[in-house]
Visitor: 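Here it is, the structure, as structure tokens.
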Amino acid sequence: METATANFDIQLTTKSRINEFDANNIVFGTQFTDHMLIADCIDGEWQTPKILPYGEIAYNPAIASLHYGQSIFEGMKAFKGQNGEINMFRPLENFKRFNISADRMCMAQVPEEIFIGGLEELLRIDAAWVPEGEDNSLYLRPFMFASDVYLGVRPSQNYRFMVIMAPAGKYYATPPKVKVETEYIRAAEGGVGYAKCAGNYASSLYPAKLAAAQGYTQLLWTDAKEHKYFEESGTMNVMFVIDGKLVTPQTSTTILKGITRDSLLQLARSKGIEVEERRVSVEEVIAGIQSGKVTEIFGAGTAVVISPFAAIGYEGSDYVLPEITEKSVASQLKKTLDEIRQGKIEDTFGWVWTVK
Ligand code: COI
């Protein structure tokens, strides 16, 4: 697959930090590669994107994104292939979703040659930072924010698009215990739940803090109207194995259209596992755990990949899930997904984008 490439102004670092990087000791989101990309959209015109040494940038305190939250992002991953090549996973899907989020937040559309072309250029330059190892990858974080210096409330006329990259290992060290949230909401119909905008994450922090004080690692959101149906979980979509079928809430304006979610559904179908995208009620799942019909619940997302839950908490009681084994649906799907992303097996889906 190829994309048109923009011209980039490239300034390389004279002091690489790669020697400080230890692929056996990665803490998500704490260490960044040597370079970053910056592209400014000024009055609707994209300027020549720059690749610069990673570092701090100064801002005017009146920029709109700081005050009114016009800010979106994507989470993507790159992997080291079997012959040392670098593979991005389904980058066009993230590119499309980014511009859907931009549209909802009244922000500029980013051209493919800057989004995909910029990622490729950065990955060529910082190739040494893509770690090897089973659960390791390079996490790619494209993001954009309003950069008008103006305190009036209106869509900004200027935007800054950036990409930074951070080595990633396993997101959760142990299976999370997750609280079914029945008081606070993540998203309501007509809102911005389907957009990957910064505010969705900010508003989740308070209920997540309350849940953490009760011993839970993460939240399982329910619908805003009745708190009866599952939506998604923290930073990921949620999937259930019910009677051997892979069941997940259908996407809507309140649920993020996860790319890992979609990949797992396609993989499950290809393995002959029955898939259902439908409303899943809390009642069905609690009863199913008790009767043994619900055998797995897991989160699916770029950062977490597949994260089996140890237990879910609902109205003060914890419902413990069976331990995951090699035969579990989550393990089977994760194995195949990893093998495709690392180029260990043929990619019959056309998901892998090898950087030229
Ligand atoms: C991702 O999976 O890329 C996410 O967006 C989660 C992130 C907020 C850690």
Side-chain angles (χ1 to χ4, degrees), residues 26-33 69 71-79 87-102 104-105 115-116 119 122-123 130-131 135-145 161-173 175-176 178 186-187 192-209 211-212 217-221 231-239 248 251 254-265 298-309 330 333-334 337-338 341 351 353:
I26 301 175
V27 182
F28 180 82
T30 57
Q31 198 177 17
F32 301 92
T33 68
S71 174
I72 59 171
F73 71 95
E74 270 303 322
M76 313 169 60
K77 277 183 175 170
F79 300 84
N87 297 327
M88 282 192 277
F89 186 71
R90 305 188 75 183
L92 285 177
E93 298 306 313
N94 294 90
F95 166 63
K96 286 184 216 152
R97 190 173 65 183
F98 190 81
N99 277 335
I100 289 170
S101 300
R104 178 64 180 84
M105 302 304 286
F115 190 100
I116 301 281
L119 282 162
L122 261 186
L123 283 167
V130 183
D135 286 308
N136 289 349
S137 62
L138 188 63
Y139 185 77
L140 315 174
R141 173 52 67 87
F143 60 106
M144 179 164 68
F145 52 91
F161 170 72
M162 294 186 66
V163 181
I164 56 175
M165 310 197 291
K170 237 188 167 134
Y171 194 81
Y172 289 118
V178 180
R186 176 185 173 275
V192 296
Y194 68 95
K196 216 161 164 61
C197 58
N200 280 341
Y201 296 80
S203 62
S204 73
L205 298 176
Y206 182 68
K209 184 174 94 172
T217 330
Q218 201 36 283
L219 290 176
L220 237 175
W221 297 106
E231 296 260 302
E232 59 176 79
S233 176
T235 59
M236 49 209 171
N237 291 112
V238 63
M239 299 195 163
T248 191
T251 53
T254 62
I255 296 181
L256 192 79
K257 259 196 164 145
I259 294 152
T260 308
R261 172 190 181 279
D262 176 71
S263 308
L264 297 183
L265 297 184
F298 52 89
T302 300
V304 298
V305 193
I306 291 180
S307 173
F309 297 168
L333 296 178
K334 179 169 184 302
L337 186 67
D338 283 347
R341 299 193 302 183
W351 287 340
W353 179 298

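Both counts, for ligands and for their atoms, begin at 1 and track the order of listing.
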Visitor: Of Arg97, Arg141, Lys196, which is the lone residue that meets salt bridge (charged side-chain N to carboxylate O under 4.0 Å, His left out) with Glu74?
Guide: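 Considering Arg97, Arg141, Lys196, a salt bridge (charged side-chain N to carboxylate O under 4.0 Å, His left out) with Glu74 is found only for Arg97.
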Visitor: Going by heavy atoms in the side chains, are Phe161 and Phe98 under 4.5 Å from each other?
Guide: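 Side-chain contact under 4.5 Å: yes.
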Visitor: Are Phe28 and Tyr139, when compared by the centres of their aromatic rings, separated by less than 6.0 Å?
Guide: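 Aromatic pair counts; centres sit under 6.0 Å.
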Visitor: List the residues meeting side-chain contact (heavy atoms from CB on, under 4.5 Å) with Pro175, not counting sequence neighbours, and say none if there are none.
Guide: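 Pro175 satisfies side-chain contact (heavy atoms from CB on, under 4.5 Å) with Ala310 only.
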Visitor: Would you mind listing each N/O atom of ligand 1 next to any protein N/O under 3.5 Å, plus the distance?
Guide:
unit_1	atom_1	unit_2	atom_2	d
ligand 1	2 (O)	Thr302	N	3.3
ligand 1	2 (O)	Ala303	N	2.8
ligand 1	3 (O)	Tyr139	OH	2.6
ligand 1	5 (O)	Lys196	NZ	2.5

Visitor: With sequence neighbours excluded, tell me which residues meet salt bridge (Lys or Arg N to Asp or Glu O under 4.0 Å) with Glu231.
Guide: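 Glu231 satisfies salt bridge (Lys or Arg N to Asp or Glu O under 4.0 Å) with no other residue.
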Visitor: Taking side-chain contact (heavy atoms from CB on, under 4.5 Å) as the definition, give me every residue that meets it alongside Ala211, ordered by chain and number, with sequence neighbours left out.
Guide: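 If we apply the side-chain contact (heavy atoms from CB on, under 4.5 Å) test to Ala211, skipping adjacent residues, the hits are Lys179, Tyr216, Leu219.
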